[in-house]
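A short write-up of the structure that comes next.
Below, read A as the first sequence line, B as the second, and so on, with proteins coming before strands; counting in each chain starts at 1.
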Amino acid sequence: MEQQEHHSTEQDLRQFRLNKLERIRARGDDPYKYAFTRTCMIGEARAAFEEAEAKASDGQSAGIPASLGGRIVAFRGHGKSAFADLRDETGKIQVFLGLNQIGEAAYAALDDLDIGDFIGVHGMVKRTKRGEITIFAERYEILCKSLRALPEKWHGLTDVETRYRQRYLDMAANPEVLDIFKKRIQLIAAMREWLADHAFYEVETPMLHPIPGGATARPFITHHNTFDCDLYLRIAPELYLKKLIVGGFDKVFEINRCFRNEGVDTKHNPEFTTMEMYEAYQDYMGLMGETEDMLCSVMETVLGAATFTYQGMEISLARPWRRITLHEAIRQYAGIDLESTHDRDEAAKRAKSAGVEITPAMGYGKIVDEVMSAKVIPHLIQPTFLYDYPIELSPLAKKKRGNPALTERFQPFIACLEVGNAFSELNDPIDQRERFMEQVKLREAGDDEAQYLDEDFVTALEVGMPPTAGLGIGLDRLAMLVTDSASIREVIFFPQLRLV
RNA sequence: GGGCGGGUAGCUCAGGUGGUAGAGCAUCGGACUUUUAAUCCGGUGGCCGCGGGUUCGAGUCCCGCCCCGCCUACCA
């Protein structure tokens, strides 16, 4: 028995386009060209025409010649003439295709074009009677035949699953998505520029770590065949960057991916991008000022303003940003004091009195962290530096001078989003070893996010690291802020989704 | 992991109390030389997420599973 043929518009549509493809080839044309010389981009052609128009004394312009390439995103046929909308990375322009202008053969060949195809057009850029800037084609050529339908012209593509799984469709159907990613690119470029201006060297350190260090997080595990050993995708570049300071670099930074084998939600993707910078002879207070300077600089570059709206919140980057110690913020927003006690049970009692859920497994540091998350962070709408964190939360930070219960650490918050983490780097190898041993105890007690002892890092500190301040910035979150994106998936080209 | 919502044509979405599966856009055929969500006429197109069950009959009701989103818990 023959299998019943499964009909669908998708298959029919593809077959129609394959037929057109064959017709193009049959008349000796190549539906997949090798190159096309454009005189300019579409956005530039529009701008150039408007400039020429403004200069023309009578308000009329003869038009300017151009060769433009792009994807056909709309087509309106009128019998013996037709209009197409052509789009490239910089914008969209209308194309007028008249039978008398391009000739009978070329006009007939329009039948083999579809929305989604790429074409190149030679002609004059002018305005139509209706005022639309249009390139009046003298000739055109097909550059790439599309075999699949683009999503609908009016509603675009809204199904978020398809948008993320097939981002190319999302971008092709929803040009504003390109703008979001352009902003992300601009943001990172601006940050590189700020760092270069401040004499930081950009470096690259390993992604494959024998010991996952520099943060508290569960790692991805992989295997090296030749060495027959397990390796971990890095959870942070921190320890390697500090080894570079030990070696003799004074100012370094790295912008690249980190990987954490943890939950996925609107603020977390398993792989994410950070900027980490280290500056010798600097401490956390000095770095706080630099952080403010850098974040204002790069965000204002992208935003073109010192204020912006994030998810309905009006945010002002006006300096100076608010600075408040973590313990003071807890007193202010939770109405309890966790600084005057270090007893775990007393701290738990006070946290519960403030309405924070506490489990028996939580130690003092974790309790402070919980209260901060539940009671403090939701109030940090305007840019704020929280600083002076309990030593239990910060195994790589120097003790605060004059108060060994605290560390010299700060975190910038904007619109209730934690965008970074910084401290005076712990450079006392004896202290660092003790802190690692504390982490090892936590790990042995069942905390699988506790940090590992990294002997080579301690050895490096014994060789000697000058006083150093370090900062990490979550670039995806910064991109969310400047693009007003509610989900981290909107600012990552290909966010992680379950395999299907 | 838990709670809520969702999955119907290529896309965007409708489908009261179970009774032959719908629209717009796209697509195909026809008309049209200044349209721009072009217009007009005609047509094609469906494993209704997957698998069970109840029923004479299930897109609809019940159970299980898969995927997505939001909220929630933990890491940035």
Describe the nucleic acid contact of [X] in one word from base, sugar-phosphate, nothing, applying a heavy-atom distance below 4.0 Å.
X: A:Asn269; result: base
X: A:Gly420; result: nothing
X: A:Lys366; result: sugar-phosphate
X: A:Asn100; result: base
X: A:Asn174; result: nothing
X: A:Leu497; result: sugar-phosphate
X: A:Tyr107; result: nothing
X: A:Arg127; result: nothing
X: A:Arg498; result: sugar-phosphate
X: A:Phe272; result: base
X: A:Thr128; result: base
X: A:Gly474; result: nothing

Using atom [atom1] in both nucleotides, what's the gap between [N] and [M] to the nearest angstrom?
N: B:rU33; M: B:rA21; atom1: P; answer: 42 Å
N: B:rA73; M: B:rA37; atom1: C1'; answer: 45 Å
N: B:rA23; M: B:rA9; atom1: P; answer: 14 Å
N: B:rG18; M: B:rC56; atom1: P; answer: 15 Å
N: B:rG51; M: B:rG7; atom1: C1'; answer: 16 Å

> Between A:Glu444 and A:Lys441, is there a salt bridge with N-O shorter than 4.0 Å?
Replying inline: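 No.
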> Is A:Arg27 salt-bridged to A:Asp112, cutoff N-O under 4.0 Å?
Replying inline: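 Salt bridge: yes.
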> Does A:Lys20 or A:Gly131 map to a spot on RNA chain B nearer the 5' end, using the closest nucleotide for each?
Replying inline: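 Here A:Lys20 is the residue nearer the 5' end.
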>> With nearest nucleotide decided by heavy atoms, which residue, A:Phe136 or A:Phe75, maps closer to the 5′ end of RNA chain B?
In response: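 The answer here is A:Phe136.
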>> Could you go through A:Asp114 and A:Lys145, starting from their C-alpha distance and side-chain angles, then the distance that decides it, and tell me whether this counts as salt bridge (Lys or Arg N to Asp or Glu O under 4.0 Å)?
In response: CA-CA 8 Å; A:Asp114 283 295; A:Lys145 182 74 200 156; 2.7 Å; yes
From [atom1] of [X] over to [atom2] of [N], roughly how many Å is that when rounded to an integer?
X: A:Ile115; N: B:rU36; atom1: CD1; atom2: P; answer: 15 Å
X: A:Glu418; N: B:rC75; atom1: CD; atom2: P; answer: 9 Å
X: A:Glu262; N: B:rC74; atom1: CD; atom2: C1'; answer: 7 Å
X: A:Ile42; N: B:rU36; atom1: CD1; atom2: P; answer: 20 Å
X: A:Glu10; N: B:rC11; atom1: CD; atom2: P; answer: 7 Å
X: A:Leu499; N: B:rC68; atom1: CG; atom2: C1'; answer: 14 Å
X: A:Arg148; N: B:rA26; atom1: CZ; atom2: C1'; answer: 15 Å

Can you give me the N/O atom pairs linking the protein to nucleotides 2-6 of chain B at distances under 3.5 Å, or say none if there are none?
none

>> So if I take every side-chain heavy atom of A:Phe83 and compare against B:rG24, B:rC75, B:rU34, which nucleotide ends up nearest?
In response: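 Looking only at side-chain atoms, A:Phe83 lies closest to B:rU34.
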Give every donor-acceptor pair under 3.5 Å between a side-chain atom in residues 94-109 of chain A and any protein atom, sequence neighbours left out.
from     : atom 1 : to       : atom 2 : distance (Å)
A:Gln94  : OE1    : A:Arg76  : NH2    : 2.7
A:Gln94  : NE2    : A:Thr134 : OG1    : 3.0
A:Tyr107 : OH     : A:Gly79  : O      : 3.1
A:Tyr107 : OH     : A:Ser81  : N      : 2.8
A:Tyr107 : OH     : A:Ser81  : O      : 2.9

Any strand: nucleotide that pairs with [N] via Watson-Crick or wobble, under 3.5 Å:
N: B:rU34; result: none
N: B:rG16; result: none
N: B:rA73; result: none

Protein N or O to nucleotides 70-73 of chain B N or O, pairs below 3.5 Å:
from   : atom 1 : to       : atom 2 : distance (Å)
B:rC70 : OP2    : A:Arg489 : NH1    : 3.3

> Are A:Tyr232 and A:His209 an aromatic pair by the rule of ring centers under 6.0 Å?
Replying inline: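 No; A:His209 has its ring centre 6.0 Å or more from that of A:Tyr232.
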Please list, chain by chain and in numerical order, all residues satisfying salt bridge (Lys or Arg N to Asp or Glu O under 4.0 Å) with [X], sequence neighbours excluded.
X: A:Glu254; value: A:Arg234
X: A:Lys153; value: none
X: A:Glu152; value: none

Output yes when at least one side-chain N/O atom of [X] is less than 4.0 Å from OP1 or OP2 of [N], else no.
X: A:Lys129; N: B:rU36; value: no
X: A:Ser81; N: B:rU34; value: no
X: A:Arg14; N: B:rU27; value: no
X: A:Lys153; N: B:rA26; value: yes

Could you list the donor-acceptor pairs under 3.5 angstrom formed by side chains in residues 490-500 of chain A, with sequence neighbours left out?
from     : atom 1 : to       : atom 2 : distance (Å)
A:Glu490 : OE1    : A:Arg163 : NH2    : 2.8
A:Glu490 : OE2    : A:Arg163 : NH1    : 3.1
A:Glu490 : OE2    : A:Tyr164 : OH     : 2.7

> For the side chain of A:Asp114 and the base of B:rU27, is some donor closer than 3.5 Å to an acceptor across the two?
Replying inline: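 By the distance-only test, no, there is no pair.
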>> Any residue in residues 209-220 of chain A with a heavy atom nearer than 4.0 angstrom to RNA chain B? Just list them by number, or reply none.
In response: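 A:Thr216, A:Ala217 - these, ordered by number, are the residues of the stretch whose heavy atoms sit under 4.0 Å from the strand.
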Which protein N or O atoms sit under 3.5 Å from an N or O of nucleotides 49-51 of chain B?
none

> Tell me the side chain to side chain donor-acceptor pair (under 3.5 Å) pairs involving residues 358-369 of chain A, sequence neighbours left out?
Replying inline: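 Found none.
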> side chain to side chain donor-acceptor pair (under 3.5 Å): which pairs involve residues 258-267 of chain A, sequence neighbours left out?
Replying inline: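 Of all non-adjacent pairs touching residues 258-267 of chain A, none passes side chain to side chain donor-acceptor pair (under 3.5 Å).
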>> Tell me every residue that passes side-chain contact (heavy atoms from CB on, under 4.5 Å) with A:Leu195, counting only those two or more places apart in sequence or in another chain.
In response: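 Listed in chain order: A:Met191, A:Phe200, A:Phe253, A:Met275, A:Met277, A:Met294.
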> For the atom pair CD1 (A:Ile473) and OG1 (A:Thr274), what is the distance rounded to the nearest 0.5 Å?
Replying inline: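 That separation rounds to 9.5 Å.
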>> Can you confirm whether the side chains of A:Gln411 and A:Tyr389 place a donor and an acceptor under 3.5 Å from each other?
In response: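 A:Tyr389 and A:Gln411 do have a side-chain donor-acceptor pair below 3.5 Å.
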>> Looking only at side-chain N and O atoms, does A:Arg489 offer a donor or acceptor that is under 3.5 Å from a partner on A:Asn269?
In response: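 Checked: A:Asn269/A:Arg489 side chains show no N/O donor-acceptor pair below 3.5 Å.
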> Does the side-chain ring of A:His268 lie flat on the base of B:rC75, meaning centres under 5.5 Å and planes less than 30 degrees apart?
Replying inline: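 So A:His268 counts as stacking on the base.
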